[in-house]
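None of these values were measured; they are calculated from a predicted model. Hydrogens, waters and symmetry mates play no part in the numbers below; they use all other heavy atoms, side chains included.
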Amino acid sequence: MEYINIDGQSFYNMVINANNKLEEQKEYVNSLNVFPVPDGDTGTNMSMTFKSAVTEIQGMEKETIDKISKSLAKGALMGARGNSGVILSQILRGIAKGLENKVEVNVEEFANSIMEGAKSAYKAVMRPTEGTILTVIKGAGEAAIKSNAKNVTELMHDVCIQSEIVLNKTPEMLPVLKQAKVVDAGGAGLLIILKGMLEVLEKDLKSLTVNKGEEKSSNISAAKTLGDTDIKFGYCTEFFIMSDKVNIEEFKKELEPHGDSMIVVGGEGLVKVHIHTNDPGFILSKAVKLGSLSKIKIDNMREQHRHILEDEYPVNQEESANDSIEENIEIKKYAFVSVSLGEGIKNIFKDLGVDFVIEGGQTMNPSTEDILNAVKKLNAENIFVLPNNKNIIMAATQAAELSDKNVYVIPTKTIPQGITSITAFNIEAEVEDNVNNMTEAIANVATGSVTYAVRDTEMDGKVIKEGNILGLKEGKIEEIGSDMFTVCNNLIESMVAEDSELITIFYGKDCNEEEVNKFVKELEEKYEELDIQCYSGEQPLYYFIFSVE
């Protein structure tokens, strides 16, 4: 159908359909991630970012395109996860700028808004890399401006054709894509969004609702779709108890046999409860005896376990170092927010004085809002954020920009960098000196990790088969093998230099402790002149994380 103008209702339907298409195809986008390690999550990050955006506009279909686009951009900004999600949020922010003060727009005005989306995305990245989602949105913007379309339907058709042409050229722009024989994952996600918007115009789709993902009842066939993820308890159950008479520890003991992933925190008349269970009714019947219940939410998690957990309980951790959801009364000069994955690593950060630990990392990037909420909990003159993952730095930086507090992002890309950075902190020093010292300390840390390949591929001339053990040094594949400890030994040997003094080992939850102890003894004999420390990190996916200093 020919849409001469686009009003709020039409735009609303366009973005709802785009969201649904991205949700349906997010695993395809994930599969395009170049690295064959088990943390390819571009599709998930983009889908969750866009879902956060459309959640913000629910019920606004009768509003102007200006108001809808602004709310859409706000939702994406707060829900942005990973670098791809942050860039997507900036695209939507630019589009909203182009639609500002408009009740409806014509073809030229809508074309300008797409170009504004491209401009906004490029401004958000310090060193833009071509062959990525940035190149695709730039192609979309240029196609929109150059188009001679007489209506918005034709315009979006031109935009999608050119975006696909640009996407198919990304392997020629980035050799790593060509080696892996894939197009850019972020660009593919953006094309899905653009095509979803076009479909509404071509088919004149109306009265669309948000697809929340495939939710199936808790049965055997649903469990089969989980792959390696074994969800024992199928319902994510959350609610508040309004009472000042709840004995939290006793209540936790009472619930413990009936679920997992349990969090019961609160005080001052309000207790937050989160638990995965197979009998939500039983949990609620126990809770209602303690006080009035509020904001009850029950979700079937068989298909969307991690998605639901991150959306509805986005900062999934013991809310602060003192296990309280209350803001700290004392105003401190300094406070810390750190991102980590694995109970052991989380405890190490807390022992080092981190006030707020956000559970996240590979495959589970916290959103801008998650980080912002953590910052809001802390009463301090200056707050340092340690992302500990290169894919979280942009979201952390965005949170710092949105906060009304003095927030400093130390660009830590790994867990060892985060730990070394905080040990360089001096409570007596001025904030600028601490920022400099903590940032400089990162350069003295060599980081390695050991995981497994999730697909066959070829990188840097190395042939990789699914199931191979991979040793990564500074994020690049250094070792490939079939024996985990052989890969570990070779990796550490490549990391140790003449001036090295310390080897630190964090072993994951899938490691055998006896085998780890034997491995550590062998290292102590091999590197007699070095100090060797070993900790149970309990991190998933990565068998080992190493640092050499």
Side-chain angles (χ1 to χ4, degrees), residues 14 17-36 40-47 49-50 82-88 90-92 94-95 110-111 114-115 117-122 124-125 127-149 152-203 391 454-461 464:
M14 288 166 72
N17 195 56
N19 170 78
N20 294 346
K21 294 299 179 182
L22 185 57
E23 169 65 27
E24 291 169 5
Q25 299 181 61
K26 67 182 179 183
E27 291 304 329
Y28 161 70
V29 177
N30 283 340
S31 73
L32 297 174
N33 282 276
V34 173
F35 247 41
D41 51 6
T42 300
T44 301
N45 283 337
M46 291 185 73
S47 178
T49 299
F50 209 73
N83 293 343
S84 57
V86 172
I87 292 172
L88 177 58
Q90 292 300 317
I91 292 172
L92 295 178
I95 289 174
F110 199 73
I114 297 173
M115 179 54 86
K119 291 178 181 178
S120 179
Y122 269 83
V125 181
R127 288 181 289 274
T129 300
E130 297 302 334
T132 65
I133 183 175
L134 292 173
T135 312
V136 178
I137 186 58
K138 181 172 68 175
E142 291 174 349
I145 296 299
K146 294 177 182 177
S147 174
N148 294 317
V152 181
T153 308
E154 291 178 5
L155 173 74
M156 287 302 297
H157 183 263
D158 292 346
V159 165
C160 287
I161 287 177
Q162 184 59 30
S163 296
E164 190 159 11
I165 290 172
V166 173
L167 177 64
N168 289 333
K169 290 180 179 178
T170 56
E172 301 303 322
M173 302 177 200
L174 281 178
V176 68
L177 296 175
K178 190 171 186 178
Q179 272 192 344
K181 299 177 182 178
V182 295
V183 295
D184 177 67
L190 178 62
L191 180 61
I192 290 168
I193 290 171
L194 294 173
K195 285 186 173 181
M197 297 173 75
L198 171 62
E199 185 180 41
V200 167
L201 304 181
E202 288 184 328
K203 297 182 178 179
N391 207 34
V454 295
R455 69 175 74 89
D456 294 349
T457 189
E458 182 178 336
M459 297 196 70
D460 299 325
I464 299 169

> For D184, is there any backbone N or O sitting under 3.5 Å from a side-chain donor or acceptor partner on T170?
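Checked: pair present.
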
> Return a table of donor-acceptor pairs under 3.5 angstrom between the side chains of residues 192-201 and protein atoms on other chains or two or more places apart.
residue: K195; atom: NZ; partner: E164; partner atom: OE1; Å: 3.1
residue: E199; atom: OE1; partner: N17; partner atom: ND2; Å: 2.9
residue: E199; atom: OE1; partner: K21; partner atom: NZ; Å: 3.4
residue: E199; atom: OE2; partner: K203; partner atom: NZ; Å: 3.0

> So how far is it from T457 OG1 to N33 CG, rounded to the nearest 0.5 Å?
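If we round to the nearest 0.5 Å, T457:OG1 and N33:CG are 11.5 Å apart.
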
> Indicate yes or no: at least one non-hydrogen side-chain atom of E202 is less than 4.5 angstrom from one of M156.
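Not touching, per the 4.5 Å side-chain cut-off.
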
> With K178, which residues qualify under side-chain contact (heavy atoms from CB on, under 4.5 Å), at least two apart?
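Checked K178 against side-chain contact (heavy atoms from CB on, under 4.5 Å); matches are P171, E172.
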
> Between V182 and L32, what is the shortest heavy-atom contact and its length?
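For V182 versus L32, the nearest heavy atoms are CG2-O, 3.5 Å.
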
> Which distance, rounded to the nearest 0.5 Å, do you find between the CE of M46 and the CG of N83?
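Result: 12.0 Å between the selected atoms.
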
> Do T132 and V125 come within less than 4.5 Å of each other through their side chains, counting heavy atoms only?
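No, side chains not in contact.
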
> With sequence neighbours excluded, what pairs up with S120 under the side-chain contact (heavy atoms from CB on, under 4.5 Å) test?
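Partners of S120 under the side-chain contact (heavy atoms from CB on, under 4.5 Å) test: Q90, R93.
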
> Rounded to the nearest 0.5 Å, how far apart are CG of D456 and CD1 of I464?
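So the gap between those two atoms works out to 9.5 Å.
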
> Taking all non-hydrogen atoms of both residues into account, name the closest pair between G139 and Q162 and its distance.
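For G139 and Q162, the tightest heavy-atom pair comes out as O-CG, 3.7 Å.
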
> Do T49 and L92 have side chains that approach each other closer than 4.5 Å (heavy atoms only, starting at C-beta)?
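T49 does not reach L92 side chain to side chain.
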
> To check you understand the geometry: which heavy-atom pair defines the closest contact between V29 and A185, and what is its length?
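V29 and A185 have their closest heavy atoms at CG1-O, 3.3 Å.
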
> Taking all non-hydrogen atoms of both residues into account, name the closest pair between A121 and I137 and its distance.
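In terms of heavy atoms, the two residues are closest at CB-CG2, 4.4 Å.
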
> Quick one: list whatever passes side-chain hydrogen bond (donor to acceptor under 3.5 Å, both in side chains) with S147, sequence neighbours left out.
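S147 satisfies side-chain hydrogen bond (donor to acceptor under 3.5 Å, both in side chains) with D158 only.
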
> So, using side-chain hydrogen bond (donor to acceptor under 3.5 Å, both in side chains) as the criterion, who are the partners of E24 when residues are at least two apart?
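Testing E24 for side-chain hydrogen bond (donor to acceptor under 3.5 Å, both in side chains), a comparison that skips the adjacent residues, returns none.
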
> Looking only at heavy atoms, what is the nearest atom pair of G187 and L167, with distance?
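Taking every non-hydrogen atom into account, C-CD1, 3.6 Å.
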
> How long is the gap from CZ on F110 to CE on M14, to the nearest 0.5 Å?
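Separation between the atoms: 4.0 Å.
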
> Using the side-chain contact (heavy atoms from CB on, under 4.5 Å) criterion, which residues pair with A144? Sequence neighbours excluded.
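Expected list: A111, I114, L155, V159.
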
> Checking side-chain polar atoms at under 3.5 Å, does N45 have a donor or acceptor matched by the opposite partner on S84?
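No - no donor-acceptor pair under 3.5 Å links their side chains.
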
> Give the minimum heavy-atom separation between S47 and N19, together with the two atoms involved.
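Here S47 and N19 meet closest at O-OD1, 4.4 Å.
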
> Measure the CE-NZ distance between M115 and K138 for me, rounded to the nearest 0.5 Å.
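Output value for this atom pair is 9.5 Å.
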
> Measuring only between side-chain heavy atoms, which start at C-beta, is L134 closer than 4.5 Å to T129?
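Sidechains of T129 and L134: no contact.
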
